[in-house]
Participant: 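This structure is in structure tokens; I'll ask about it shortly.
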Amino acid sequence: MTKTLNPIDLEIVTEGLISIVREMRQTIFRTAHSPVIADAQDFSCALFDPQGQMVAQGRDMPGHVIAMPASVAEIFADFADEMRPGDLYIVNDPYRGGSHLNDVTLITPVFVDGELFLFPCVRMHWADIGGMTPGSVSGQATEILQEGLRIPPIKLIEQGRPNAAAYAILFANVRMADERRGDLESCIAACFTAERRLRELVGRYGAQLLLDSVAANMDRTEQRLRDRIRQLPDGVYRYEDYLDLYTDGRYDPALVRCVLTIDGDEIDADFRGSSTQVAAVVNSSRAMTVAGVFIAVKSALDPGGLVNHGAFRPLRVHTEPGTVVHVAYPAPANAHSEVRKRVISAVMATLSQVAPDLIAADQFGTTFQNLIGGVDQRTGRSYLYYDYPAGGNGGFLESDGPSAMNPVDLGDISTIQSVERLETEIPIVVDASELRLGSCGDGARRGGLGSRRETRLLASNGAYSVQTDRTTVPPYGLHRGGPGAPTVTFVRRADGERVDFDTPGKVAGFAMRSGDVLVMESAGGGGWGDPLDREPAAVADDVTQGYLDADDAQHRYGLRFDADGRVDAAATAAARQELRRQRTWLRVSTTGRQPYTGERGRRRLAYVGPGTGLAEGALVEIHGPHPAPLRAWVRHDPDLTDDQLALDDDGLQILGAEPDERTFVRVLADRGTTGEGPA
């Protein structure tokens, strides 16, 4: 137990530490060199105590800052007994607490009266860290060595003296080294700015009061989250989702499986049973999985509370090394954001089973990292274009989902980069940046729209890479809401030819020519509630606003207009009744047949009678009593009747369905997406 503190002192110290973190951010924002930092703000800052607990952070990127403690722990493991004033440490190793190699973490110890006090920490996305493609984000890497320079915990500065050999190695292995050096120096400046401000705070209040306040603040943050967890019913809840993976050009998705246990004021999230890691860009570190769990729980149950180590204490996360959610050497780790987002989707779906009114339908589900880089032969200069168009977020009880806005795990990172800055510094022209028509998931509360961005290359040539997800299995809706549109990328040649990719979302070094246009269409958010329950006036307004076209309104929502262009209530009601009649309803039953199939990945099978009209290999979603649908691929079973759908017991538990209960089946892709079924 911590000592009793004057509550005014506690608040002043708490806000004082957060203010220091904010000044760290401003230092970086004002001094960094690359657009991804100075404009997009793809970095985070925090303060840690001598036990490696995060004690303060500001408006940072949750995907960074929530995972920082794992990197700090690794630095402590190697150097805790030999830290000295003026030291600064650096690490980016995903196998040792990192995310992907581009995210570089620095910490420096602050000593007061010869004792370790607090540690400023920065994690920053380096626009390039070496590797097989410009920007180091390859969709085709098969081992981490192809993804860039891997930095174990090392001293970059020792008692104020830079480690010249470490600097030389770093900048000999990255593209556009001057820009990387500028970003690094901005991080170092932020750490030393924090040290100065901490000393000022100690001079004002004393070190002991600060440490006592830190402990008390973490304790109250912990208790606040425990109180909210305690309000949920105890039980075990399940969900599963997929990551895009290809085997010999065939879609062979990897499984992310979550079993969530609520017990009193604690939550256990168990991801054992997820797919084995693969020599492909589909894996991530345990730190990212832990971050995904925390982000989902905290944003759903206690979005207004502070974020510090106290909020981590009620959560337990279980993973198995050598899986897609806990990568081990030598597998690639650059799917960090995709795995984190799939973890968030899975945890949110389980929470929707116990707190349905608190949970939104699925976010667009990918960071959507697009890169074009190379050397412009006309100028002889290296360049790198890095873009990540935001998508739609899920609808929820009170409202439609936000459009083209980054989701909760990206914090205040820029949703849309400044076109003017990009065009000034990089040989490109952004021809279009707009909402993506019709990409929203249908629902009583529709999902948000994705975005559509067209970027024309002016350089003589370039290598295009993309690492993204949700190209095949789309964001889910809740309460029979429809899915958001999946992610799409293609290149339109200067002569008008459209070039699609055999492995959508997983491309490395595709050769672009001057005048080629990269088209990026981000996914939409899932819908919430039955789309046929949406107010006709709201659908009509979506048409007026240009979110849907008239055909969308008619076929997806049953909207009908009279001769004067006004909503025809009677005709709309009749059309909706017909759409309901056309839906596929099947009785669920249990089967002893294999529940999953796959080569390197693992996907669920739904067994149906051949007379259901569902094509062999079709991707479907099954809506049962639980809010989130179960996704599966159709397998015909002649022993089943035309109104039956068979799953294993686990599948029924995910649905919350009993045998013989009727479920609504929605087809997501008629054709076989995995090489099975009709082409």
Participant: Using a strict threshold of under 4.0 Å (side-chain N to carboxylate O), is an ion pair present between R666 and D442?
Facilitator: no
Participant: Suppose we screen for side-chain hydrogen bond (donor to acceptor under 3.5 Å, both in side chains). Which residues come up paired with Y596, at least two apart in sequence or across chains?
Facilitator: E240, R604
Participant: Under the rule for side-chain hydrogen bond (donor to acceptor under 3.5 Å, both in side chains), what residues qualify as partners of E599, not counting sequence neighbours?
Facilitator: R250
Participant: Any donor and acceptor pair, going by atom type alone, linking the side chain of D252 with main-chain N or O of R600 inside 3.5 Å?
Facilitator: yes
Participant: Can you say whether the rings of Y329 and Y95 are parallel (under 30°), tilted (30 to 60°) or perpendicular (over 60°)?
Facilitator: perpendicular
Participant: Check the orientation of Y246 and Y251. Use parallel for under 30°, tilted for 30 to 60°, and perpendicular for over 60°.
Facilitator: perpendicular
Participant: Looking at A523 and T487, what are the two nearest heavy atoms and their distance?
Facilitator: CB-OG1, 3.7 Å
Participant: Can you establish whether the number of heavy atoms outside D234 located under 6.0 Å from its atom CG is more than 12?
Facilitator: yes
Participant: For the atom pair OG1 (T489) and NZ (K506), what is the distance rounded to the nearest 0.5 Å?
Facilitator: 10.0 Å
Participant: My understanding is that only one of I654, L655, T591 makes a side chain to side chain contact (heavy atoms under 4.5 Å, CB included) with L647; could you say which?
Facilitator: L655
Participant: May I have the step-by-step check of salt bridge (Lys or Arg N to Asp or Glu O under 4.0 Å) for D78 and R96, ending in yes or no?
Facilitator: CA-CA 11 Å; D78 287 3; R96 300 198 62 185; 2.9 Å; yes
Participant: Are D241 and Y476 packed together at the side-chain level, in the sense that at least one heavy-atom pair is separated by less than 4.5 angstrom?
Facilitator: yes
Participant: List in chain and number order the residues that pass side-chain hydrogen bond (donor to acceptor under 3.5 Å, both in side chains) with T221, two or more places apart in sequence or in another chain; answer none if no residue qualifies.
Facilitator: N308
Participant: How would you list all residue pairs meeting side chain to side chain donor-acceptor pair (under 3.5 Å) that involve residues 271-296, not counting sequence neighbours?
Facilitator: D270-R272, R286-T319
Participant: Going by heavy atoms in the side chains, are L351 and V347 under 4.5 Å from each other?
Facilitator: yes
Participant: Just checking, any donor-acceptor pair under 3.5 angstrom between side chains of T366 and T468?
Facilitator: yes
Participant: Can you name the residues that form a salt bridge (Lys or Arg N to Asp or Glu O under 4.0 Å) with R230, not counting sequence neighbours?
Facilitator: D227, D265
Participant: Please name the pair of heavy atoms, one in P483 and one in E621, separated by the smallest distance, quoted to 0.1 Å.
Facilitator: CD-OE2, 3.9 Å
Participant: Suppose the criterion is salt bridge (Lys or Arg N to Asp or Glu O under 4.0 Å): which pairs have a residue in residues 345-365, not counting sequence neighbours?
Facilitator: D362-R470
Participant: With sequence neighbours left out, what residues match R340 under salt bridge (Lys or Arg N to Asp or Glu O under 4.0 Å)?
Facilitator: D409
Participant: Strictly below 4.0 Å, N to O, side chains only: are D469 and K341 in salt-bridge contact?
Facilitator: no
Participant: What's the verdict on side-chain contact (heavy atoms from CB on, under 4.5 Å) for D93 and E74, showing C-alpha distance, side-chain angles and the deciding distance?
Facilitator: CA-CA 10 Å; D93 190 346; E74 293 293 337; over 6 Å; no
Participant: Tell me the closest heavy-atom pair linking F271 and C258, and the distance in Å.
Facilitator: CE2-CB, 3.6 Å
Participant: Not counting sequence neighbours, which residues clear ring-ring contact (aromatic ring centres under 6.0 Å, His included) with H626? List them please.
Facilitator: none
Participant: For P659, is there any backbone N or O sitting under 3.5 Å from a side-chain donor or acceptor partner on S589?
Facilitator: no
Participant: Not counting sequence neighbours, which residues clear salt bridge (Lys or Arg N to Asp or Glu O under 4.0 Å) with D263? List them please.
Facilitator: none
Participant: Identify the heavy atoms of M405 and F364 that sit nearest to each other, and give their distance.
Facilitator: O-CE2, 3.7 Å
Participant: Considering non-hydrogen atoms only, spot the tightest contact between G58 and V21 and give its length.
Facilitator: N-CG1, 3.4 Å
Participant: Just to verify, what does T105 make a side-chain hydrogen bond (donor to acceptor under 3.5 Å, both in side chains) with, not counting sequence neighbours?
Facilitator: R123
Participant: Verify whether one side chain among S451 and S522 offers a donor that lies under 3.5 Å from an acceptor in the other.
Facilitator: yes
Participant: Quick one: does S465's side chain have a donor or acceptor within less than 3.5 Å of a partner on S138's backbone?
Facilitator: no
Participant: Describe, in one word, how the ring planes of F79 and Y89 are oriented to each other, choosing from parallel (under 30°), tilted (30 to 60°) and perpendicular (over 60°).
Facilitator: tilted
Participant: Can a salt bridge be assigned to the pair R226 and D302 using a cut-off of 4.0 Å between side-chain N and carboxylate O?
Facilitator: no
Participant: Would F312 and I66 count as a side-chain contact (heavy atoms from CB on, under 4.5 Å) if you check the C-alpha gap in whole Å, the side-chain angles of each, and the deciding distance to 0.1 Å?
Facilitator: CA-CA 9 Å; F312 302 163; I66 305 306; 4.1 Å; yes
Participant: Could you walk me through whether Q140 and Q146 pass the side-chain contact (heavy atoms from CB on, under 4.5 Å) test, one step at a time?
Facilitator: CA-CA 9 Å; Q140 296 289 328; Q146 297 170 331; over 6 Å; no
Participant: What residue pairs, at least two apart or across chains, pass salt bridge (Lys or Arg N to Asp or Glu O under 4.0 Å) with a residue in residues 324-333?
Facilitator: none
Participant: Write down the atom of G304, the atom of R224, and the distance for their closest heavy-atom approach.
Facilitator: C-NH2, 3.7 Å
Participant: So, using ring-ring contact (aromatic ring centres under 6.0 Å, His included) as the criterion, who are the partners of H479 when residues are at least two apart?
Facilitator: W528
